[in-house]
Amino acid sequence: MEQRNDAETVGFIDVGTNSVHLLVVRFYPESSGTPIFQDKESLRLGRSLYQDGRIDRESIDKAALVIRRFSQISKNLGADHVIAFATCAAREAENRQELIDSVADEVELKVIPGTEEARLIALGVFGDTGPDVRTIELDIGGGSTEITIREKGENLFIDSLSMGAVRFHYSLGVDCTRPVSREDYSYLLRNVDMASYHAVNKVRMLGFRKAVGSSGTFIALAEMCAFRRPDHDASYLRFDELHELMADLCKMTLEQRLAVPGMGKNRADIIIPGGAVAEELMSLFGVSEIEISNNGMKQGMMLELSLIHI
């Protein structure tokens, strides 16, 4: 199928703390865009960051290689330009400029604030006019967790919290490559409490009627819980199921976790801290069931650009 001359193709690159994502979209006049290709690479930019405050040279080189490759893929697919945003790891790294400079001749890498990340995630999950009822959106990333309360296209609350699956794995001293004791898991939960204290008070004051979760952590948790019940429906996650799942995962070795249906091969070591964030936030917010969205920041980047075009 030939590309129409009036179409514009754009590559969107999301450089996160755990993974780098690519989404290539073709925009036709008066359309919201058609995704034509996507890819992901797990890099763990936060591996060294949460130990000494810097992204190590090896990780920068790997990230630069992936970003350059994703940019070239976009251009080979006809992209007129490539938009690249970096989030938590780049925000916090003392040497973020080294990462930016490493790809400067290929693409302009822009480091965005946490609240902007949260806004784009909510835009990608709900679109520009939704949801119909007041909804809380939770996105557990590698380095930060974004929380938004949105109703009918308006963000009533938006925050980015310093907690995430990669951050907690490397910074709290809990060895999640082994079975995790009840005491260590409780320690993870307490760190969620401390990092979310102010947000929890605000969320409780505003209230909400529905909850949606996005990100690889929520998707993996929902898939693992879905395998445990007859419907195998991973579009939602119940708190009671999550509580049981986390208790079981904590007892397992890394190899045993890798064999759990729904567990990604690059997530077995960070699923305990990521799950702790999910479980404790659902508990603090009183969420008994949460819908799961496969959309996130790159879809928000896509929609933001489409709104300019339409």
Side-chain angles (χ1 to χ4, degrees), residues 12-23 38-56 58-67 69-70 84-93 96 99 103 109 111-112 114 117-118 120-121 124 138-147 160-172 174-177 188 191-192 195 213-224 249 254 257-258 262-278 281 292-301:
F12 298 96
I13 301 175
D14 168 9
V15 183
T17 303
N18 187 48
S19 305
V20 180
H21 297 258
L22 168 66
L23 178 66
Q38 56 183 324
D39 199 358
K40 180 182 81 168
E41 282 284 347
S42 296
L43 290 180
R44 296 280 172 91
L45 280 179
R47 187 190 305 270
S48 61
L49 173 65
Y50 298 119
Q51 295 172 346
D52 57 24
R54 299 172 61 85
I55 302 174
D56 63 88
E58 181 182 359
S59 295
I60 288 176
D61 291 342
K62 287 181 179 179
L65 187 65
V66 172
I67 295 167
R69 179 164 62 84
F70 281 179
F85 287 168
T87 57
C88 187
R91 281 197 296 269
E92 297 185 10
R96 71 182 68 85
L99 176 63
V103 295
L109 181 61
V111 181
I112 62 172
E117 181 182 359
L120 287 171
I121 290 169
L138 308 176
D139 187 280
I140 302 169
S144 62
T145 294
E146 277 61 51
I147 300 177
S160 178
L161 309 182
S162 297
M163 59 184 181
V166 175
R167 179 194 294 270
F168 278 9
H169 177 54
Y170 291 107
S171 68
L172 295 183
V174 177
D175 186 355
C176 296
T177 63
L188 294 175
N191 274 272
V192 178
S214 58
S215 75
T217 291
F218 264 121
I219 291 170
L221 292 170
E223 288 179 350
M224 284 184 281
L249 291 177
L254 190 64
R257 281 185 226 141
L258 283 168
M263 176 77 74
K265 65 178 182 178
N266 295 315
R267 197 169 292 278
D269 59 336
I270 61 172
I271 197 64
I272 299 297
V277 174
L281 285 183
I292 304 300
S293 172
N294 290 312
N295 288 350
M297 194 175 86
K298 57 186 184 294
Q299 285 81 14
M301 294 164 69

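The main-chain N or O of L161 is never found under 3.5 Å from a side-chain atom of T145 such that the two would form a donor-acceptor pair. Panel note: side chain E92, backbone A89; no donor-acceptor pair is recorded below 3.5 Å. Checking side-chain atoms of S48 against main-chain N and O of R54 turns up a donor-acceptor pair under 3.5 Å. R96 contributes a side-chain N or O that, together with a main-chain N or O of A93, makes up a donor-acceptor pair within less than 3.5 Å. S42 contributes no side-chain N or O that, together with a main-chain N or O of N266, makes up a donor-acceptor pair within less than 3.5 Å.
When side chains are defined from C-beta on, V192 counts as touching F168, because their heavy atoms get closer than 4.5 Å. Side-chain contact between D269 and H169: present, with at least one pair of heavy atoms (C-beta onward) separated by less than 4.5 Å. The side-chain heavy atoms of H21 and Q38, taken from C-beta on, include no pair separated by under 4.5 Å.
For the side-chain contact (heavy atoms from CB on, under 4.5 Å) test with E41, the passing option among I67, V66, L22 is V66; the others fail.
Remark: R47 engages no residue in a salt bridge (charged side-chain N to carboxylate O under 4.0 Å, His left out) (not counting sequence neighbours).
Atoms CZ and CD1, from R257 and I271 in turn, are 9.0 Å apart once rounded to the nearest 0.5 Å. Taking OG of S214 as the reference point, atom CD of Q299 lies at 9.5 Å (rounded to 0.5 Å). Expressed to the nearest 0.5 Å, how far NZ of K298 lies from CD1 of I121 amounts to 10.5 Å. Rounding to the nearest 0.5 angstrom, the gap separating the CD1 atom in I272 from the CD1 atom in I270 is 11.0 Å.
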